[in-house]
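Beneath this line is the structure, given in C-alpha cells, with notes to follow.
Note that this is a predicted model, so its numbers are computed, not measured.
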Amino acid sequence: MSKEKPPLRDKDRAVLHHIQNGRDDIQRITEATTLENHEVNYCFTKLEKLDLIEVEKPDGMVERVVDGQKRVFEAPKKAEIIVGDVDDYLDDLDPLDEYEMLSREELSWKVGELEQEVEELSKSLIIIKKQIQDRL
C-alpha cells in the first residue's frame, strides 16, 4: 500500500522549494519571496508536522546584509529537508505556481527575458507581414 502525499498549500510548496535550493532559514526565505515572517514560520511548523523538514533554532546572533545594510539579529529558525526526495511534493504544481516560488531577483530576470522574447517575436511578425504584403 503506497503512502499518500499530504496536501500542501502553494505557500508550503514555495517554502519547501526554497529550502531545497539552499535558502534554509526564515530570514532568507522572507527576503527571497513575498511571504511574511509569520507565514514562513507557519509553513515551517506545518512541514515539520508532516515530517518533511526538521526545524532548529540556533543560538546566538547572525550578521547579514539586508536591504543593502549590515544587520545583526538573533539567529533565525533553520530548516533541513528530511524526506529523501521532495520533488514528488513539488511535481504537481500548476505551471503558474513556478512564478510564486521565484525570488524577487529571479522574477526580475524572468520578466527581462520575457520582454526580450516579446520584442523578438514582434520584429519577426513585422517581417512576416511585410513579406505577405510584398507577395500580394
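The shortest non-hydrogen separation linking Pro58 to Pro76 is CD-O, 3.3 Å. In terms of heavy atoms, Val55 sits closest to Ile53 at CG2-CD1, 3.7 Å. For the residue pair Asp25 and Gln27, the shortest heavy atom distance occurs at OD1-N, 3.1 Å. Across Glu39 and Glu36, no two heavy atoms sit closer than the pair OE1-N, 2.6 Å.
Note that the CD atom of Gln116 and the CG atom of Leu121 stand 11.0 Å from one another [nearest 0.5 Å]. To the nearest 0.5 angstrom, Cys43 atom SG is 8.5 Å from Ile29 atom CD1. Rounded to the nearest 0.5 angstrom, Leu35 CG and Asn41 CG are separated by 12.0 Å. In this structure, Lys57 NZ and Ile26 CD1 are separated by 8.5 Å, a value rounded to the nearest 0.5 Å. Rounding to the nearest 0.5 Å gives a distance of 5.5 Å between CG of Leu52 and CG of Leu47. Interatomic distance, Ile19 CD1 to Phe44 CZ, rounded to the nearest 0.5 Å: 4.5 Å.
The side chain to side chain contact (heavy atoms under 4.5 Å, CB included) check on Asp24 picks up Arg28, Lys78, with sequence neighbours excluded. Every residue two or more places apart in sequence or in another chain was checked for a salt bridge (Lys or Arg N to Asp or Glu O under 4.0 Å) with Glu80, and none qualifies. Shown here are the salt bridge (Lys or Arg N to Asp or Glu O under 4.0 Å) partners of Lys49, two or more places apart in sequence or in another chain: there are none. Ile126 is linked by a side chain to side chain contact (heavy atoms under 4.5 Å, CB included) to nothing, counting only residues two or more places apart in sequence or in another chain.
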Just distance, no hydrogens or angles: give the donor-acceptor pairs under 3.5 Å from side chains in residues 129-136, sequence neighbours left out.
none

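When each of Glu117, Lys123, Glu115 is tested with Glu119 by the rule side-chain contact (heavy atoms from CB on, under 4.5 Å), just one qualifies, namely Lys123.
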Kindly indicate, with the supporting measurements, whether the criterion salt bridge (Lys or Arg N to Asp or Glu O under 4.0 Å) is fulfilled by Glu56 and Lys77. CA-CA 6 Å; Glu56 70 172 285; Lys77 286 183 182 177; over 6 Å; no
Determine, stepwise, if the pair Lys11 / Tyr42 fulfils side chain to side chain contact (heavy atoms under 4.5 Å, CB included). CA-CA 10 Å; Lys11 290 177 184 181; Tyr42 180 79; over 6 Å; no
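The hydrophobic cluster containing Val72 also includes Met61, under a criterion of side-chain heavy atoms closer than 4.5 Å among ILVMFWY residues, counted directly or through chains of members.
You'll find the side chain of Ile81 reaches within 4.5 Å of the side chain of Gln20, heavy atoms only.
Without hydrogens or angle criteria, Asn21 side chain to His17 main chain gives a donor-acceptor distance under 3.5 Å.
We find that Lys70 and Glu63 are joined by a salt bridge, their nearest charged nitrogen and carboxylate oxygen being less than 4.0 Å apart.
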